[in-house]
Amino acid sequence: MNYQKLKGTLDFFQEEATKLRFVEEKAKSILKTFGFEEIITPIIEATDIFVRSSGDNSDIVTKEMYTFLDRGKRSITLRPEGTASVVRSFLENKLYVNSSLAKFYYCGPMFRYERPQAGRYRQFMQFGIEVFGEGGPFLEAEVIISAYKLLIALGIKGIKLKINTIGDFASRKDYADKLKTYFTGQIDDFCGDCKKRLEKNPLRILDCKIDSNKELVVNAPKIKDSLSLASLNNFNEVTDILTTMAVPYQIDELLVRGLDYYTDTVFEFILDVPGELQGLAICAGGKYADLVKNFGGPDIPGIGYAFGVERIMAVMTSQNLFNNLVKQTDIVIICLDPASKKMGLQLANQLRDENMIVEMDYKNYSLKQQFKLADKVNPRYIIIIGEEERNNGMITIKNTKNNTQEKIKKEQLIAYTKGKI
RNA sequence: GCGGACGUGGCGAAGUGGUUAACGCACUGGAUUGUGGCUCCGGCAUUCGCGGGUUCGAUACCCGUCGUUCGCCCCA
């Protein structure tokens, strides 16, 4: 019987696991400087949580969720995104009572039943943040800045920040109606999807890959003209702050997000790099003014974003940004007979207590074979213990950098290595 | 959900309608028994994703299936 991983899933081991953890740790350390705290929520939630938040017409809900009935006949879903769970937890635990602003980051697997391709998997890691509370344009800008700083800290080149405002629900409804009127009867030569979108969600016609370059689309009514003055002012302030903070951005009036809960400011960091990753979003998010309220909670706005960790790993790999992740061994202990092996084991663990990385060959007794193991892990020092050393309470220690060796008393070993490794 | 490409040992990769399935890396053993990383020699796929068909014969041809991968839709 041959077992293999499920379609669209990934095993991370050795170097890849190290990369994943590296990105995660870096992200955490930067967000901590912004005062974020970690929130860990379950991977499974009641299906309704996601239907409510993403919208029952969204693609995620209609065709991408892993949903099943548990033994109690409850509909359970593997989370397709992080925001809904965090909002649920925020409300359930009344995390709004102690402060007017709650800032969380999370990291974990998300699940979407899609056809895998470059940078897309059925189980993928997202690193994201959510902030609850009224913070105005400064908060929104800070959130975007935190994402930007993170990408800079990771060293990723070729990223572009696209930002837009889609207004509140009222102005969006108004805008959708305008678009509908505008496009009705005019899109006979548009793709089939766009024809469907006209009824369902006319905003999506604007970022259709096939039709978005058409004159009709380019000249379509702009969302700006449907926005409330407050929305408009807010957006202008956000971009102003970004400019002040020297965060390059590009206003993209066609940027509309796929999840229904967004309002006002939405943004994406996309990759502008050659190859298959070109154009992929590595971070996306926005404001959601009414999501908490719609969940039955107080009227508290939220804003957040999520990074696609695998995508970040992919770009970083292609840009050679994982240089210092090689496994490092400090010492290999070579033991030439069983009695020496026991002594070696003791020494190894004493050294490990000093935080040194120590390995040894458990199987062989010949010097040559053990040296071969040592070559593979390329240690700073090689210790040799045989009958000769044992009888004198000595060990031989060899510096592999300059190929010198000396005999020292085994009691001196810790002191000898101090400061050298 | 739709379309294309691909599927040979741990990895990379050649190959042909007929029985020894190249080669490289990795792994493993050895080149006289306490000093390696180089070199040399040996071992390592009864088997070419799986199931069926065509054929005297298939890893090679056909069908199906599963899987990988890329694109579309959508998205991180």
Side-chain angles (χ1 to χ4, degrees), chain A residues 1-10 13 23 54 57-65 79-83 107-128 147 151 191-194 196-197 201 204 207-211 255-259 267-271 275-286 304-315 332 334-337 340 361 363-379 382-390 396-400 403-405 407:
Chain A
M1 188 53 133
N2 255 333
Y3 293 106
Q4 55 192 156
K5 62 186 183 305
L6 256 26
K7 192 191 195 75
T9 63
L10 254 23
F13 48 88
V23 171
S54 302
N57 265 327
S58 65
D59 284 289
I60 284 188
V61 170
T62 55
K63 50 184 207 191
E64 292 174 6
M65 293 204 307
R79 63 181 180 200
E81 56 105 32
T83 303
C107 187
M110 306 296 162
F111 304 82
R112 290 182 200 172
Y113 192 84
E114 301 180 272
R115 284 287 290 270
Q117 59 192 59
R120 179 203 283 174
Y121 305 95
R122 288 185 170 176
Q123 175 176 334
F124 58 98
M125 289 295 261
Q126 275 194 346
F127 189 103
L151 292 170
C191 72
D193 283 322
C194 280
K196 276 184 258 166
R197 289 179 183 125
N201 188 355
R204 297 220 124 257
D207 63 359
C208 175
K209 302 282 183 299
I210 304 165
D211 295 317
L255 177 65
V256 198
R257 313 262 19 263
L259 301 167
F267 57 93
E268 281 179 0
F269 287 90
I270 62 163
L271 291 171
E276 61 189 22
L277 298 167
Q278 167 63 36
L280 270 189
I282 50 172
C283 174
Y305 60 71
F307 282 96
V309 178
E310 289 86 351
R311 290 180 181 185
I312 288 184
M313 288 167 65
V315 224
V332 165
I334 289 176
C335 308
L336 298 174
D337 55 41
S340 302
D361 189 322
K363 194 176 68 181
N364 294 301
Y365 292 110
S366 93
L367 190 65
K368 193 171 279 184
Q369 282 170 317
Q370 297 191 67
F371 259 114
K372 280 187 178 170
L373 171 88
D375 288 335
K376 255 172 241 167
V377 299
N378 191 28
I382 294 174
I383 290 172
I384 299 166
I385 307 169
E387 202 179 350
E388 191 186 315
E389 284 84 356
R390 247 186 314 114
T396 298
I397 183 160
K398 178 166 184 164
N399 182 331
T400 60
N403 241 339
T404 58
Q405 70 180 48
K407 282 187 162 50

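Proteins get letters first, then strands, A, B, ... in listed order; numbering begins at 1 in each. Just so we're clear, the structure is a prediction, and the values are computed from it rather than from any experiment.
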Check every strand shown and say whether [X] touches a base, only sugar-phosphate, or nothing at a heavy-atom separation below 4.0 Å.
| X | result |
| --- | --- |
| A/Gly119 | base |
| A/Ala374 | nothing |
| A/Leu336 | base |
| A/Glu268 | nothing |
| A/Ile384 | base |

Take the protein atom [atom1] of [X] and the nucleotide atom [atom2] of [N], then report the distance between them rounded to whole Å.
| X | N | atom1 | atom2 | result |
| --- | --- | --- | --- | --- |
| A/Lys372 | B/U28 | NZ | P | 9 Å |
| A/Gln370 | B/G37 | CD | C1' | 15 Å |
| A/Gln117 | B/G67 | CD | P | 17 Å |
| A/Leu277 | B/A76 | CG | P | 16 Å |
| A/Lys5 | B/U69 | NZ | P | 7 Å |
| A/Tyr121 | B/A76 | OH | P | 16 Å |
| A/Glu276 | B/C70 | CD | P | 5 Å |
| A/Glu114 | B/C2 | CD | P | 15 Å |

Query raised in the report: Got a second to check how far A/Gln370's CD is from A/Lys363's NZ, nearest 0.5 Å?
Result: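 Spacing of CD (A/Gln370) from NZ (A/Lys363) equals 11.0 Å.
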Does [X] get its side chain close enough to the base of [N], under 3.5 Å, for a donor-acceptor pair?
| X | N | value |
| --- | --- | --- |
| A/Asp337 | B/G34 | no |
| A/Arg120 | B/G71 | no |
| A/Lys7 | B/U68 | no |
| A/Glu389 | B/G34 | yes |

Query raised in the report: Tell me, do A/Ile334 and A/Asp361 make a side-chain contact under 4.5 Å, heavy atoms counted?
Result: no
**Report entry** Non-hydrogen side-chain atoms of A/Arg79 and A/Gln126 separated by less than 4.5 Å
**Finding:** no
Query - N/O (side chain, A/Lys376) to phosphate O (OP1/OP2, B/U28) under 4.0 Å - result: yes
Query raised in the report: Hey, is the side chain of A/Gln369 poking within less than 4.0 Å of OP1 or OP2 on B/G30, counting only N and O atoms?
Result: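 The answer is yes; a side-chain N or O of A/Gln369 sits under 4.0 Å from OP1 or OP2.
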In whole angstrom, give me the gap between the [atom1] atoms of [N] and [M].
| N | M | atom1 | value |
| --- | --- | --- | --- |
| B/A60 | B/G15 | C1' | 9 Å |
| B/A31 | B/C50 | C1' | 45 Å |
| B/C11 | B/U68 | C1' | 16 Å |
| B/C61 | B/U16 | P | 10 Å |
| B/G4 | B/G9 | P | 26 Å |
| B/U69 | B/U33 | P | 50 Å |
| B/A5 | B/U47 | P | 30 Å |
| B/G17 | B/C73 | P | 41 Å |

**Report entry** Nearest heavy atoms of A/Pro80 and A/Arg112, plus distance in Å
**Finding:**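 Here A/Pro80 and A/Arg112 meet closest at O-NE, 2.8 Å.
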Report task. Measure across A/Val332 and A/Ala374 and return the closest heavy-atom pair with its distance rounded to 0.1 Å. Result ->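 Nearest pair, atom of A/Val332 first, then A/Ala374: CG1-CB, 3.9 Å.
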Query - Face-to-face stacking of A/Phe307 with B/A76, centres under 5.5 angstrom, angle under 30° - result: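 Ring-base stacking flag not set for A/Phe307 and B/A76.
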Report task. Check whether the ring centres of A/Tyr113 and A/Phe111 lie less than 6.0 Å apart, and answer yes or no. Result -> no
Residue [X], side-chain heavy atoms: nucleotide from [options] that is nearest:
| X | options | value |
| --- | --- | --- |
| A/Thr396 | B/C75, B/G34, B/G1 | B/G34 |
| A/Phe124 | B/G34, B/A76, B/G1 | B/A76 |
| A/Phe371 | B/G3, B/C75, B/U35 | B/U35 |
| A/Gln126 | B/C70, B/G34, B/A76 | B/A76 |
| A/Gln405 | B/C75, B/U35, B/G1 | B/U35 |

Requested in this report: Return the 5'-most residue of the pair A/Ala118, A/Lys363 with respect to RNA chain B, ranking by each residue's nearest nucleotide.
Outcome: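 The residue whose closest nucleotide sits nearer the 5' end is A/Lys363.
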Query raised in the report: For RNA chain B, whose closest nucleotide is more 5', that of A/Met125 or that of A/Gly8?
Result: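 Here A/Gly8 is the residue nearer the 5' end.
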Requested in this report: Give a yes or no answer on whether the side chain of A/Glu310 reaches the backbone of A/Met125 with a donor-acceptor pair at less than 3.5 Å.
Outcome: yes
Query - Check: A/Arg120 main-chain N/O paired with A/Arg311 side-chain donor or acceptor under 3.5 Å - result: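 No; zero donor-acceptor contacts below 3.5 Å.
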Query - Those residues that, when tested against A/Glu387, pass side-chain contact (heavy atoms from CB on, under 4.5 Å) (two or more places apart) - result: A/Asp337, A/Arg390, A/Asn391
Query - Dot-bracket summary - RNA chain B, pairs being Watson-Crick or G-U whose distances fall under 3.5 Å, with | when paired to another strand - result: (((((((..(((.....[....))).(((((.......))))).....(((((..]....))))))))))))....
Query raised in the report: Without hydrogens or angle criteria, can the side chains of A/Ser340 and A/Glu389 be said to hold a donor-acceptor pair below 3.5 Å?
Result: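 No.
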